[in-house]
Enquirer: 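One structure coming up, written as structure tokens, with questions to follow.
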Amino acid sequence: MKAPLTGMSIEALAEYVKSKHLQRFRAVQIADWIYRKRIWDPDEMSNLPAPLRMELKTDFSAPSSRVETVSSSPDGTEKLLLELQDGNHVEMVVIPGNDNRTTFCLSTQVGCPVRCVFCASGAGGLVRNLAAGEIIEEFLHGTKKTGNLPDNIVFMGIGEGLLNFEALETVLKHLTSPEGFGMAPRRITVSTSGIVPGIRKLAALKKEFTLAISLHAPTDEIRARLIPDAFRYPVAEVLKAADEYRDTCGRMVTLEYTLLENLNDSREAALRMAEISRNHHAKINLIPYNQTNRGFRRPAERVIREFQETIEKNGGTVTRRRERGASSDAACGQLRDRAERRR
Ligand code: SAH
Ligand code: SF4
């Protein structure tokens, strides 16, 4: 597979143009197209000489993905199914919010090795990691759709970003650096199933990225029913890493909690989550399960409300994820699931 052109730093582009015996300003022009004009198909880079445009297309995968389908929900959520250069698929979602704000939800892998039992993304395991440039292209497709940079980015699409750390780190750098897209780290949320070494590596960047950890359960016993052994870390270790993250990066950590009927929705679990929220100064984000026909059910609305109230009344901080796009397969990985079944 060829390297995507997107995700190349200006230094890397400078090396490339040098190898072609061209002047450095050509690298600056290419970076300007990608990072300022958000144009990444060399054919459209009108101030480059035609031979260079052709060479870029030969040497790189550019563009390295195309929008296969867009599915829109009545609430305005748009989910883009992207086909990659090797025929694999990932998704990115454009989520509208209040006051014209938009959030992009990005994928980091094709499939996912963690294989949480309720999640469509992990059903077939990991196919491959995404290259940094492929993740940047998801972002670029989003900006092309909206005409603008997003207000927020969440890495809550397909895959476990902290298990593709090198690419994720490169993407975070391009998203936040002034030569890149210049976004504030606080506006970027990295969501993880609780990969402890990955949380430490993210903390070591010492940036104010928002960290969301998919805890889903207050005890190892319940958690073991949702996340298979291979990539599951003990609750105590995950919470310790969360504390370290908060202390190093100065950001309150969010604990995501996908609510599943009769699995993790008991009053006892809510009480323990309240305790965890208090002891770790963490915010709990409830995500009522989005049905994907995997044999799991979302709890009744009354149970969801009681779960939230129990946490609140016992001194915990809790929010409920605003559900968007539920009508158009917006739960993680569902579009890809279908596309792959068609192949
Ligand atoms: N791998 C990372 C990020 C991607 S999943 C992680 O697990 O955190 C993002 C969030 O979506 C996770 O909290 C996950 O539990 C949740 N999720 C996955 N499938 C879901 C579904 N069908 N309904 C509700 N939440 C789901
Ligand atoms: Fe992977 Fe996250 Fe899905 Fe678990 S919930 S299988 S970690 S994408």
Side-chain angles (χ1 to χ4, degrees), residues 79 90-93 95 103-130 135 138 153-165 167-168 171 188-196 198-199 202 209-217 222-233 238 241-242 253-261 263-265 273 282-299 304 319-338:
K79 189 163 192 171
V90 287
E91 304 166 5
M92 75 79 59
V93 191
I95 309 164
T103 299
F104 288 178
C105 176
L106 305 181
S107 299
T108 55
Q109 296 180 310
V110 181
C112 180
V114 183
R115 310 187 83 155
C116 301
V117 294
F118 54 84
C119 174
S121 303
L126 177 70
V127 177
R128 69 170 174 87
N129 278 329
L130 289 179
I135 303 173
E138 292 177 48
I153 294 176
V154 294
F155 286 93
M156 293 186 186
I158 300 166
E160 170 53 59
L162 294 186
L163 289 177
N164 185 14
F165 192 84
L168 180 70
V171 172
I188 301 176
T189 299
V190 175
S191 178
T192 174
S193 58
I195 306 297
V196 169
I199 296 173
L202 190 69
F209 295 116
T210 305
L211 177 65
I213 303 178
S214 297
L215 198 67
H216 304 321
I222 304 176
R223 205 159 183 264
R225 284 186 236 151
L226 307 176
I227 309 181
D229 293 347
F231 291 100
R232 191 186 66 254
Y233 288 81
V238 172
V253 172
T254 299
L255 301 174
E256 291 162 284
Y257 200 101
T258 297
L259 268 168
L260 297 147
E261 187 179 71
L263 272 166
N264 63 357
D265 62 347
M273 287 308 295
K283 181 172 72 190
I284 294 160
N285 189 217
L286 298 177
I287 315 171
Y289 178 62
N290 200 335
Q291 205 84 34
T292 56
N293 290 329
R294 294 204 127 64
F296 297 94
R297 278 210 303 263
R298 144 199 307 244
I304 300 172
T319 53
R320 176 171 170 175
R321 183 196 272 182
R322 274 181 73 194
E323 287 172 77
R324 296 200 156 265
S327 61
S328 81
D329 303 313
C332 270
Q334 280 174 263
L335 269 186
R336 169 178 170 263
D337 215 26
R338 283 217 193 128

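We count ligands from 1, going down the list as the structure has it; atoms in each ligand are counted the same way. This one's a predicted model, so the numbers in the text were calculated from it and none came from an experiment.
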Enquirer: What is the minimum heavy-atom distance between Val114 and Pro228, and which atoms define it?
Expert: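 So the two residues come closest at O-CD, 3.4 Å.
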Enquirer: Could you list the atoms of ligand 2 found under 4.0 angstrom from a heavy atom of Gly159?
Expert: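 Counting atoms of ligand 2 from 1, those under 4.0 Å from Gly159 are 8 (S).
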Enquirer: Got a donor-acceptor contact below 3.5 angstrom from the Ser107 side chain to the Glu91 backbone?
Expert: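 Confirmed, Ser107 side chain pairs with Glu91 backbone.
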Enquirer: Distance-only, no hydrogens or angles: does the Arg223 side chain make a donor-acceptor pair with backbone N or O of Tyr233 under 3.5 Å?
Expert: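 Between the backbone of Tyr233 and the side chain of Arg223 there is a qualifying donor-acceptor contact (under 3.5 Å).
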Enquirer: Evaluate Asn290 for polar contact with ligand 1, using N/O atom pairs at a separation under 3.5 Å.
Expert: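 In this structure, Asn290 places an N or O atom under 3.5 Å from an N or O of ligand 1.
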Enquirer: Going by the atom numbers of ligand 1, which of them fall below 4.0 Å from some non-hydrogen atom of Thr192?
Expert: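 That gives atoms 6 (C), 8 (O) of ligand 1.
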Enquirer: Under 4.0 Å from a heavy atom of Gly122: give me the atoms of ligand 2 that qualify, with their elements.
Expert: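 Going through ligand 2 atom by atom, the ones under 4.0 Å from Gly122 are 6 (S).
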Enquirer: For ligand 1 and Gly159, I'd like to know whether there is a polar contact (N/O to N/O, distance under 3.5 Å).
Expert: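 So ligand 1 has an N or O lying under 3.5 Å from an N or O of Gly159.
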Enquirer: Check each atom of ligand 1 against the heavy atoms of Glu160 and keep those under 4.0 Å away; list them by number with element.
Expert: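 Matching atoms, with element in brackets: 1 (N), 2 (C).
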Enquirer: Using atom types as modelled and distance alone, determine if a side-chain donor or acceptor of Gln109 lies under 3.5 Å from a backbone N or O of Glu160.
Expert: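 Side chain of Gln109 to backbone of Glu160, a donor-acceptor pair under 3.5 Å: yes, one is there.
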Enquirer: Main chain of Glu261, side chain of Arg297: is a donor-acceptor contact present, judged purely on distance under 3.5 Å?
Expert: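 Not at all, since once roles are kept as given, no pair shorter than 3.5 Å links the two residues.
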Enquirer: Quick test of your reading of the structure: of Cys116, Ala120, Ser214, whose heavy atom lies closest to atom 6 (C) of ligand 1?
Expert: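 Heavy atom nearest to atom 6 (C) of ligand 1 belongs to Ser214.
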Enquirer: Measuring from the heavy atoms of Arg298, does anything fall under 4.0 Å of ligand 1?
Expert: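 False for this residue.
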Enquirer: Check Cys116 against ligand 2 and report side chain, backbone, both or neither, counting heavy atoms closer than 4.0 Å.
Expert: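 For Cys116, backbone and side-chain atoms both sit under 4.0 Å from ligand 2.
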Enquirer: Within the distance-only criterion (no hydrogens, no angle test), does the side chain of Arg115 pair as donor or acceptor with the backbone N or O of Ala123 below 3.5 angstrom?
Expert: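 Indeed, once roles are kept as given, a pair shorter than 3.5 Å links the two residues.
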Enquirer: Look up atom CG in Leu260 and atom OG1 in Thr258, then write down how far apart they are to the nearest 0.5 Å.
Expert: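 Leu260 atom CG to Thr258 atom OG1 measures 6.5 Å (nearest 0.5 Å).
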Enquirer: Out of Thr189, Thr258, Thr254, who gets a non-hydrogen atom closest to atom 26 (C) of ligand 1?
Expert: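 Going through Thr189, Thr258, Thr254 one by one, Thr258 has the nearest heavy atom to atom 26 (C) of ligand 1.
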Enquirer: Taking the non-hydrogen atoms of Phe155, is any one of them nearer than 4.0 angstrom to ligand 1?
Expert: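 Within the 4.0 Å threshold, so yes.
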Enquirer: Taking distance alone, with N or O pairs closer than 3.5 Å, would you say His216 contacts ligand 1?
Expert: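 Yes, since at least one N or O of His216 sits under 3.5 Å from an N or O of ligand 1.
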Enquirer: Should Gly157 be listed as contacting ligand 1, given a heavy-atom distance under 4.0 Å as the test?
Expert: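 Right, Gly157 reaches ligand 1.
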Enquirer: With distance as the sole test, does Asn264 use its side chain to make a donor-acceptor pair with the main-chain N or O of His216 at under 3.5 Å?
Expert: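 Checking the backbone N and O of His216 against the side chain of Asn264, a donor-acceptor pair under 3.5 Å is found.
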Enquirer: Below 4.0 angstrom from a heavy atom of Cys112, which ligand 2 atoms are there? Numbered from 1 as shown, please.
Expert: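 What qualifies from ligand 2 is 1 (Fe), 6 (S), 7 (S), 8 (S).
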Enquirer: With heavy atoms of Ser193 as the reference, note each atom of ligand 2 found under 4.0 Å away.
Expert: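 Counting from 1, the qualifying ligand atoms are 7 (S).
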Enquirer: Are the side chain of Gln291 and the backbone N or O of Phe296 linked by a donor-acceptor pair below 3.5 Å?
Expert: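 Yes.
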Enquirer: At a 4.0 Å threshold, what atoms of ligand 1 neighbour a non-hydrogen atom of Ile287?
Expert: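 Reading through ligand 1 atom by atom, the close ones are 13 (O), 24 (C), 25 (N).
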Enquirer: Main chain of Thr108, side chain of Asn164: is a donor-acceptor contact present, judged purely on distance under 3.5 Å?
Expert: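 Such a contact is found between Asn164 side chain and Thr108 backbone.
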